[in-house]
Amino acid sequence: MPETPELSVIVHGPDVRDRLPALLGPLAAHPVPGTEVVVAAVGDRAREAAGAHTGAFTVVPLPEGTGDGAARAAGAARARGRWLHFVHAHDGLPPGAPATLAGHAATLPGTADVLLFDHVRSTWNARDLPSPDGPRLARAGRDALALDERPALLRTAPALGNRAVRAAFWRAHARALADEDEPFAALAALLLADRVACLPHPLHEAHRPRARSLPPAAALPRDPVDRYERLFALVPDRAAVRGALYDLMLHDCLRHFARTVPPGPGAREFFHRAALAARRHRPEGHRGPAGFEGLRRSLLERDAHTEYRALRTANGARRRAGSAVRSARRRAGALRREHRYRRALAAPLDPCLAVFSAYWDRGAACNPAAIAAELARRAPHVHPVWVVGAAHTALLPPGTDHVVPGTRRHAEVLARAAYLVNNVNFPDSVVKRPGAVHLQTHHGTPLKRMGLDQMPYPAAARGLDFGALLDRVDRWDFSVSANGHSTRVWERAYPSGYTSLDHGYPRNDVFYRAGAAEVRAVRERLGIPPGHRAVLYAPTHRDYEAGWIPRLDLAALTESLGEGTVLLVRGHYFHAAADTPLPRPRPGGRIIDVSSYDPVEDLCLAADVLVTDYSSIMFDYANLDRPIVIHADDWETYRATRGVYFDLPAGAPGPVARGQDELTELLATDAWRDGAAAAARTAFRRRFCEYDDGRAAERVVRRVFLGEDEQALPPVLPLGERTPAPRPEEVA
């Protein structure tokens, strides 16, 4: 341990529901260089849990009943780190969080007093629930800034676990930051900080114990009026901050009134005190929200308790009535749709009708689109109809026959089609008719756990009905696979009686059929200047994040790589492009948001190198035999929360960067394409590009739609005999 560690993790509090050993065990088993752990152990059980790891921690024994504020202060007094992270004994830390936090803190300027980061939430029956803070932190950027520049940061969860504080800052403001009211201490940290830095990635697990499992004093909610009176005293003349704090005060007071204060004299007294605080601290010229929320606040500001109670009663009745009406309409609509579908099921199957869908009805894409194109060439007598949501129909190629879910024709084609093709699953209501063929194409090679293999991972399994999943799988007749690894995974994760088609992914055919003209044309469409290197950055979705947050400082990366590099940024399709916090594109800019560009195969053809993390795009892109760089800064967290089938750093298709500095270094030198990178890519291609040779769609169409025997199909070309599309530097 260095004389002055970068980070002190201060675990504090009693051992609630025996959660402390699970927190301390990984910290002892995986010590982080430059990081110390101080345990302010409250009570005998907490002291025993810490004592089980003799020598790993600095233990500060505290008597039973010591409050959280006093425990934080006792732990901080023994801490030697430059930065302090307070973790309550009933909370947790995602794998790799201390290392990430210490590494990022070391890069912050001396003016930054607080580092805000994202967190996941857990309760007694759920784990790794995403918080809403990530997008807010991402919008703030990565530069340390004054709270006046981004007062919305006051809306982040008011807890000390989702922020680290500089030790010198703690010592200067220990009285406020060790307050027993944690929301006060957390907000005070922001209000008192010179500058605040943000990191939009989960580095803390906030556990909410059941109220009855807590000591009576700890289970009681604090009075927010007193809290905000003290907070306003910290910001006497900061207009922007006072306005944001005022809005937060009204929001918290009204929520406390609605959820905690029982009807009666106590309710009237609390409402009156909140109204006085609202009048006293309302900034001059402050404009509140419009609509119902604005009405609620105006009643509080006027101390109109009786009118407010009446409004709540009326609004509750209105909401219940509206909910009943909406529920009745939904039931009636569902009954109408079911009646149409059942009536259509009485008609005979149409042997020349095929229904296609991709990515939950988002449009004509992926393996289904490649199969449909091949079907038009080899079996034009089969008519394809796409199921496409109303919001996506405008993006369909001209002349594409399609139906919108819920319409009369949608029910008819689903009921009568002899072929149903999808890269996910059709709705549970779809009936598998005798003679109908269901073709499951999938949409990637699995690195993360899928299907039944998700069951041990709560974040991945949340909301899944595995019985209904198996019912959907039982409709499959064929399952397409790109490699032996996928075949084995599908058969274990989706057990049923379907036939595996080891034919390759049809969407990858283009990687062996495209020529120089196609590569040149797509680069021109994307605006990539001739001679420039195009880096395709395509990260995956994370179950523990509420939205997609770029894990890279994209502006800093492009600046470091120089004028000759263009960054193509592809957000995951789970997230709407409008919600991605990307730099605003500008003509001639070197960051191009391609999140809405389809098909993604075009982006692969245009790119000189792929940068991804755990996305299945790496398996497809490997067919091009072009460099791939893995950015795995949260591998331990991802592996623990989602589950994986193999160790990515060991089996990666190229060099692995564990942070932005490493990634920049790889791309700024020849390490992204040197001999070691090529050797890793060759081994990866041998394993995962097994069946992709440019004729996958042909094999699938001939087998499924034309009924040819497997032995009559063209054999898969050996890897060494395949010729991928030319690289961009070869066509410039």
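Since the model is a prediction, treat every value here as computed from it, not as a measurement.
The backbone N or O of Val424 sits less than 3.5 Å from a side-chain atom of Gln440, completing a donor-acceptor pair. Side-chain N or O atoms of Arg472 include none that pairs as donor or acceptor with a backbone N or O of Asn425 at under 3.5 Å. Judged purely by atom type and a 3.5 angstrom limit, Ser481 has no side-chain atom pairing as donor or acceptor with the backbone of Leu501. No donor-acceptor pair under 3.5 Å is formed between the side chain of Asp502 and the backbone N or O of Gly484. Side-chain atoms of Arg570 never come within 3.5 Å of backbone atoms of Leu603 as a donor-acceptor pair (strictly under, hydrogens ignored).
Electrostatic pairing of Arg685 and Asp693 does not count as a salt bridge here, judged by no charged N lying under 4.0 Å from a carboxylate O.
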Please step through side chain to side chain donor-acceptor pair (under 3.5 Å) for the pair His383 and Asp401, ending with a clear verdict.
CA-CA 9 Å; His383 178 67; Asp401 192 0; 2.6 Å; yes
Worked check of side chain to side chain donor-acceptor pair (under 3.5 Å) between Asp128 and Thr641:
CA-CA 7 Å; Asp128 301 320; Thr641 56; 5.5 Å; no
Go through the steps to decide whether Arg727 and Glu730 satisfy the test salt bridge (Lys or Arg N to Asp or Glu O under 4.0 Å), and finish with yes or no.
CA-CA 5 Å; Arg727 299 184 179 190; Glu730 298 171 350; 5.0 Å; no
Check the pair Arg695 / Arg513 against side chain to side chain contact (heavy atoms under 4.5 Å, CB included), numbers first and verdict last.
CA-CA 9 Å; Arg695 302 186 71 178; Arg513 297 192 171 203; 4.3 Å; yes
If you apply the rule salt bridge (Lys or Arg N to Asp or Glu O under 4.0 Å), what do you find for Arg699 with Glu708, and how did you get there?
CA-CA 9 Å; Arg699 284 190 283 268; Glu708 296 187 24; over 6 Å; no
I would like to know whether Leu610 and Cys604 meet side chain to side chain contact (heavy atoms under 4.5 Å, CB included); could you show each step before the answer?
CA-CA 8 Å; Leu610 170 69; Cys604 294; over 6 Å; no
Could you check Asp453 against Tyr645 for side chain to side chain donor-acceptor pair (under 3.5 Å), going step by step and ending with a plain yes or no?
CA-CA 10 Å; Asp453 291 343; Tyr645 288 111; 2.7 Å; yes
Please evaluate residues Arg150 and Asp143 with respect to the criterion salt bridge (Lys or Arg N to Asp or Glu O under 4.0 Å), reporting the C-alpha separation (whole Å), side-chain torsions for both, the decisive distance (0.1 Å), and the verdict.
CA-CA 12 Å; Arg150 187 66 67 166; Asp143 295 333; over 6 Å; no
Under the side chain to side chain contact (heavy atoms under 4.5 Å, CB included) rule, what do Leu115 and Leu101 come out as? Steps first, then yes or no, please.
CA-CA 9 Å; Leu115 171 60; Leu101 178 53; 3.4 Å; yes
Working for side chain to side chain contact (heavy atoms under 4.5 Å, CB included), residues Leu420 and Leu439:
CA-CA 6 Å; Leu420 290 96; Leu439 172 62; over 6 Å; no
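Considering every non-hydrogen atom in both Ala607 and Leu536, the closest pair reads CB-CB, 3.7 Å. For the pair Ser500 and Glu491, the tightest heavy-atom approach, listed with the atom from each and the gap, is OG-OE2, 2.8 Å.
Taking the centre and axis of the six-membered ring of Phe646, the NZ or CZ atom of Arg687 falls inside the cone set by 45° and 6.0 Å.
Separation of atoms CD1 (Ile528) and CZ (Arg520) is listed at 13.5 Å; rounding is to 0.5 Å. Remark: His438 NE2 to Asn422 CG distance equals 10.0 Å, nearest 0.5 Å. Atoms CE and CZ, from Met455 and Arg449 in turn, are 13.0 Å apart once rounded to the nearest 0.5 Å.
Residues satisfying the ring pair (Phe, Tyr, Trp, His ring centres under 6.0 Å) test with Phe466, not counting sequence neighbours, are none. For Tyr498, the ring pair (Phe, Tyr, Trp, His ring centres under 6.0 Å) partners are Trp476, not counting sequence neighbours.
In summary, the aromatic rings of Tyr505 and Tyr691 are positioned with their centroids too far apart to meet the 6.0 Å limit.
A parallel orientation is assigned to the rings of Phe705 and Phe356, their planes being inclined by less than 30° (bins at 30° and 60°). Using cut-offs of 30° and 60° on the angle between ring planes, the pair Tyr614 and Trp635 is tilted.
When each of Arg642, Arg639, Arg542, Arg551 is checked for a salt bridge (charged side-chain N to carboxylate O under 4.0 Å, His left out) with Asp613, only Arg542 meets the rule.
The closest side-chain donor-acceptor pair between Thr664 and Asp661, if any, does not fall under 3.5 angstrom.
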